[in-house]
**Q** 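Sharing a structure here in structure tokens format.
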Number of protein chains: 2
Amino acid sequence: MTDDRSGTGPADRTLALLWRGHGPPAPRRRGPAPAHTLEEVIETAIALADTEGPAALSVRAVAAAVGMAPMSLYTHVPGMTELTDLMVDHLYLVMPRPAWGRRRWRSRVRAVAEANRDLLRAHPWLVEVVALSRPPLGPGQMAKYEHELAAFDGTGLSDVDTDAALTFVLGFTQQQALAQHGVEAARRDSGSTDAQWWAANGPLLASVLDPARYPRAVRIGEAAGSAQGAAYDPGVAFSFGLDRVLDGLAALIEA
Amino acid sequence: MTDDRSGTGPADRTLALLWRGHGPPAPRRRGPAPAHTLEEVIETAIALADTEGPAALSVRAVAAAVGMAPMSLYTHVPGMTELTDLMVDHLYLVMPRPAWGRRRWRSRVRAVAEANRDLLRAHPWLVEVVALSRPPLGPGQMAKYEHELAAFDGTGLSDVDTDAALTFVLGFTQQQALAQHGVEAARRDSGSTDAQWWAANGPLLASVLDPARYPRAVRIGEAAGSAQGAAYDPGVAFSFGLDRVLDGLAALIEA
DNA sequence: AACAACACCGTACATCGTACGTTGTTCGTT
DNA sequence: AACGAACAACGTACGATGTACGGTGTTGTT
């Protein structure tokens with residue numbers, strides 16, 4: 001009864017949903033015509049997550065936004081995690097993919113990292129989903145993968161190394177987005193500005209951060225903090241890190 | 001009534017808990033003697049998360065493991081997120097910190113990355129907590145920071161660059177742990193082996209992964225997959241990535 | 001002896017994902 | 001034309017979650 005493998009074959013339900021429309025055009029269905037399409041559900045859910053934040057992403061909220069009863073969502077999607085997978089793949093599918101033209105690999109790979117950062121910044125909920133769940137291979141993921149691999153054309157890397165290099169770059173970008181997401185979340189639910197936070201916690205920290213016990217930490221922490229205006233600056237971290245990433249790949253490519 | 005800033009001063013409750021015992025030795029308290037210590041709560045919670053997994057980490061479960069009623073936990077800790085912050089800092093505090101001796105920077109930084117990877121592997125729940133919440137500065141975090149900064153002694157990097165370099169390395173390690181965590185979670189709740197998964201989904205993917213449409217993706221994906229025995233191998237990704245990270249830092253340090 | 005501070009507990013609430021059974025619409029078959 | 005299977009949509013309900021709130025009993029201070 002509850003056998004997932006009974007519908008279109010012995011396959012993952014999510015994969016079939018991701019690649020919907022790529023098979024035979026469906027042999028006519030019975031029952032009432034669906035009042036809403038899966039596309040509508042996915043796009044509404046994305047819009048909701050974008051405007052209300054990832055915490056507002058619930059079955060009930062999505063259903064309400066689409067205009068149906070909570071449980072009716074389950075006629076379109078097996079569950080919440082599958083919905084998020086579909087949302088992610090949708091964004092991957094529609095994200096811009098500018099032609100690489102005659103640019104050098106370094107410029108291309110930099111563009112890959114920046115495009116991913118921009119996407120993750122535009123949809124903060126994406127960060128949490130992608131980081132924790134590794135969404136399955138859909139058409140969006142596939143198109144993205146193809147395009148990003150092309151950034152390494154002409155580097156002379158082996159296929160295996162090309163894959164590893166791209167994975168490395170994407171991992172870096174994802175981590176940056178996650179870190180930025182973390183500081184923003186912390187700022188949001190502390191409810192105070194950096195200055196207020198330091199006014200409140202500075203005394204305690206000053207009394208406890210003994211320069212004799214933590215010589216490097218105190219000195220370097222202060223240097224970094226005053227250079228950036230905060231203990232951690234996502235912009236600085238991204239630009240420093242991306243330079244290191246590219247240098248690290250250069251050592252492999254130009255050897 | 002619900003003013004957090006009424007205890008030891010106008011400070012964050014979490015910070016005060018993290019640095020407990022570092023202030024004046026408490027001016028005697030009234031009421032019944034606490035039946036359990038905060039240390040006991042923290043260590044029990046860690047043990048519980050280690051054995052039962054991160055999903056089992058709930059107020060009720062921790063309270064039961066410690067041996068008290070659910071709501072009694074709140075006399076020791078303001079809330080669940082604060083508890084996890086304390087758990088993280090505790091692990092940081094007790095993690096091994098071998099002396100650096102005469103090793104070169106590359107070997108030291110590699111050791112930093114590996115130590116962090118090992119810690120995150122030993123406590124998979126740590127990955128989720130650290131990635132999503134950026135725990136505040138406690139004694140464990142501080143000791144860890146001090147020790148890891150020392151790995152960059154003698155590199156000639158400026159204070160600001162040293163901090164950025166360490167952040168870069170830690171971010172890489174964290175991302176690796178997250179990715180590994182992701183594949184393990186996926187494997188766990190798919191409930192099938194890689195072979196079973198491919199047997200079930202191979203046909204659909206084969207029919208849809210058109211080599212003419214995705215030439216690089218199909219070729220390189222297959223190459224990477226068969227080289228590693230899976231679409232993503234955490235061990236390979238870590239070792240490839242760490243080499244790139246070190247090369248990238250070398251370009252900065254040895255310039 | 002009276003009071004205030006404190007640890008601990010029980011009940012209760014909003015919110016979450018979702019299992020289950022029902023209702024009404026529609027197509028394929030008789 | 002009539003019937004039955006398939007299907008979309010819905011309502012109700014369950015077990016979790018974190019935690020607000022008000023009590024109860026123990027203890028040190030006045």
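Within every chain, numbering begins at 1; the chains are lettered A, B, ... in the order of the sequence lines, protein sequences first and strands thereafter.
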**Q** Identify whether any heavy atom of Leu57(B) sits under 4.0 Å from a base atom; if not, whether one sits that close to sugar-phosphate; answer base, sugar-phosphate or nothing.
**A**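 Sugar-phosphate only.
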**Q** Considering non-hydrogen atoms only, spot the tightest contact between Pro136(B) and Gln141(B) and give its length.
**A** O-NE2, 4.2 Å
**Q** How many whole angstroms separate atom CG of Leu73(A) from atom P of dC16(C)?
**A** 13 Å
**Q** Of the non-hydrogen atoms in Met68(B) and Ser72(B), which two are nearest, and what is the gap between them?
**A** SD-CB, 3.8 Å
**Q** With a 4.0 Å heavy-atom cut-off, tell me which residues in residues 75-91 of chain B come close to DNA chain D, sorted by residue number.
**A** Gly79(B), Met80(B)
**Q** Can you name the nearest heavy-atom pair linking Ala63(B) to Pro70(B), along with the distance?
**A**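 Reported closest heavy-atom pair: CB-CA, 3.6 Å.
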**Q** Of the non-hydrogen atoms in Asp89(B) and Gly140(B), which two are nearest, and what is the gap between them?
**A**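 Here Asp89(B) and Gly140(B) meet closest at OD2-N, 2.7 Å.
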**Q** Which nucleotide sits closest to the side chain of Ser58(A): dG17(C), dT17(D), dT19(D)?
**A** dG17(C)
**Q** Whole-Å distance between dC7(D) C1' and Met71(A) CE?
**A** 15 Å
**Q** Using a strict threshold of under 4.0 Å (side-chain N to carboxylate O), is an ion pair present between Glu148(B) and Lys144(B)?
**A** yes
**Q** Between the protein and nucleotides 24-28 of chain C, which nitrogen or oxygen pairs are less than 3.5 angstrom apart?
**A**
none

**Q** Give me the one residue out of His90(A), His76(A), Arg20(A) that meets side-chain hydrogen bond (donor to acceptor under 3.5 Å, both in side chains) with Glu39(A).
**A** Arg20(A)
**Q** How many angstroms lie between CG in Leu132(A) and OG1 in Thr81(A), if you round to the nearest 0.5 Å?
**A**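 Between Leu132(A) CG and Thr81(A) OG1, I get 12.5 Å after rounding to 0.5 Å.
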**Q** Under 4.0 Å, counting only non-hydrogen atoms across every strand here, what does Met68(A) touch: a base, just sugar-phosphate, or nothing?
**A** sugar-phosphate
**Q** Nearest heavy atom decides the nucleotide; on that basis, is Pro70(A) or Arg60(B) closer to the 5' end of DNA chain D?
**A** Pro70(A)
**Q** Classify Ser72(B) by what it touches in the nucleic acid, base, sugar-phosphate, or nothing, heavy-atom distance under 4.0 Å.
**A** base
**Q** Please report the distance, rounded to the nearest Å, between NE2 in His36(B) and P in dC8(C).
**A**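 For the pair His36(B) NE2 and dC8(C) P, the rounded distance is 6 Å.
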**Q** Rounding to a whole Å, what distance do you find between Leu38(B):CG and dA7(C):P?
**A** 12 Å
**Q** If you compare all heavy atoms of Thr173(A) against all heavy atoms of Phe238(A), which two are closest, and at what distance to 0.1 Å?
**A**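 Where Thr173(A) meets Phe238(A) most closely, the heavy atoms are CG2-CE1, 4.5 Å.
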**Q** Give the minimum heavy-atom separation between Leu166(B) and Tyr145(B), together with the two atoms involved.
**A** CD2-CD1, 3.7 Å
